[in-house]
Each structure stands twice: as C-alpha cells, then as structure tokens.
Amino acid sequence: MTTFTTATTIKGEIGPLTQTVYDFCAAQGQVLAAGVTRPEDWEPMSRYLAPDFKRVGAYLEELNYADYCDFLTGWAAGGTRFEYTEFHISEIGDAVFQEIEERHWHGEQFIRKNVIAVYRFTPEGKIRHLDIYEQANDSGDWIKDAAKEVMEA
C-alpha cells in the first residue's frame, strides 16, 4: 500500500529538521570561509549526518560521506566562493525540501543555478540522504570535474 505524507499547516517557527539543515549549511559555510585544503577540513559537517549518509548529485553521482568530502574539496579548490538565497523551505514527515538560488564564483567564472535540495532524516534527526536537483545554463566545469573525479576513483 502506498502512503502519502502531506503538509497541512503553516507554522511561524522553524521545525527541528529544518534547523538541522540550517546548521548543516552553516557548518559548510564556515569550513569554506576558513579555507579548504583537504577532505578532513569538512569534519564539522559530520555531526549532522547519519553514518550511512548518501548524497545523489545533479549529475547522478552517488557519494557517501568520505566521497562527499572529496567532492567538496575539489569543488572548493582554487578559491571557490559560494552563496545562496533561499526561496522556500518545507518540512514534511522525515524530509526537508529547500528551494534556493545558488551563486558560485571560481576565478573569472560565475554560475547561477536554481536548486532543490531534498534532505531525508533518520528517526534521531540526522541527515541520511541528500538529493540535489538543479536548473542551470552552465553548471561550471570545475563542479562537473570534481564530481567526475570522485566517481572515477
């Protein structure tokens, strides 16, 4: 039998899973601002992730936590600057849906893309799965190369 989870109310407060997404994104931002030189630099994110964490990216790359850190290190290499604007966020059942506009600067390159990130959680409130869906005219070769390198390793 198929079950459906619906959102039927709007609250003026942040839900616990949404707060975890915000904390996870803040940890990523702090690491990036401090300067990334190796995959271990991303360790502050780990407190928000389940041991069996998996990320499926825009290029259908499937990454566990170690692979994700390798990917992020390649993405950040060369002084990548990143920011985003959140348009909508919804917490429904064990999931958070975050709709954002991402802006990436890498040397002279600038990339803008629309992204929906879907976070799935364990009963303990840890992120167990992250799916990335994007719309973009250009995803940035350095981003695609970072994903490809991790998948080929």
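These numbers come from the heavy atoms of this one structure, side chains and all, not from hydrogens, waters or symmetry mates. Please read these numbers as outputs of a predicted model, since none were measured by experiment.
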Heavy atoms only: give me the nearest [X]-[Y] pair and the separation to one decimal.
X     : Y      : value
Asp70 : Pro39  : OD1-CG, 3.0 Å
Trp42 : Ala76  : CZ2-CB, 4.3 Å
Leu17 : Gly125 : CD2-CA, 4.1 Å

Show your reasoning for whether side-chain contact (heavy atoms from CB on, under 4.5 Å) applies to Val36 and Leu72.
-> CA-CA 9 Å; Val36 176; Leu72 288 173; over 6 Å; no

Any link between [X] and [Y] through a network of hydrophobic side chains (Ile, Leu, Val, Met, Phe, Trp, Tyr) touching at under 4.5 Å?
X      : Y      : result
Ile92  : Val118 : yes
Ile111 : Phe87  : no
Phe97  : Tyr133 : yes

For Asp52, side-chain hydrogen bond (donor to acceptor under 3.5 Å, both in side chains) partners two or more places apart =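 side-chain hydrogen bond (donor to acceptor under 3.5 Å, both in side chains) list for Asp52, sorted by chain: empty.
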
Non-hydrogen side-chain atoms of [X] and [Y] separated by less than 4.5 Å:
X      : Y      : answer
Phe53  : Leu130 : yes
Asn114 : Glu99  : no
Ile89  : Val96  : yes
Val56  : Ile132 : no
Tyr68  : Asn64  : no
Glu102 : Arg112 : no

Could you give me the CA-CA distance, side-chain angles and deciding distance for Gln28 and Met45, then say whether side-chain contact (heavy atoms from CB on, under 4.5 Å) is met?
-> CA-CA 6 Å; Gln28 283 184 318; Met45 298 183 318; 3.1 Å; yes

To the nearest 0.5 angstrom, please state how far the [atom1] atom of [X] sits from the [atom2] atom of [Y].
X      : Y      : atom1 : atom2 : value
Glu86  : His88  : CD    : NE2   : 9.5 Å
Asp131 : Ile116 : CG    : CD1   : 11.5 Å
Asp41  : Thr73  : CG    : OG1   : 6.5 Å
Phe71  : Leu63  : CZ    : CG    : 7.0 Å
Glu61  : Glu152 : CD    : CD    : 12.0 Å

Check: Thr18 main-chain N/O paired with Glu91 side-chain donor or acceptor under 3.5 Å |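 Answer holds: yes.
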
Donor-acceptor pair, side chain of Gln109 and main chain of Gly107, under 3.5 angstrom |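 Pair absent, no side-chain N/O of Gln109 close to backbone of Gly107.
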
All side-chain contact (heavy atoms from CB on, under 4.5 Å) counterparts of Thr20, not counting sequence neighbours | Tyr48, Phe121, Ile127

Measure from the ring center of Phe82 to the ring center of Trp75 and say whether it is less than 6.0 Å.
-> yes

side-chain contact (heavy atoms from CB on, under 4.5 Å) partner of Tyr119, chosen from Gln98, Arg128, His129 | Gln98

Is [X] salt-bridged to [Y], cutoff N-O under 4.0 Å?
X      : Y      : answer
Arg55  : Asp67  : no
Lys126 : Glu124 : no
Lys113 : Glu101 : no
Glu62  : Lys54  : yes

For the residue pair Phe110 and Trp105, categorise the inter-ring angle as parallel (less than 30°), tilted (30 to 60°) or perpendicular (more than 60°).
-> tilted

Residues in ring pair (Phe, Tyr, Trp, His ring centres under 6.0 Å) contact with Phe24, at least two apart in sequence or another chain = none

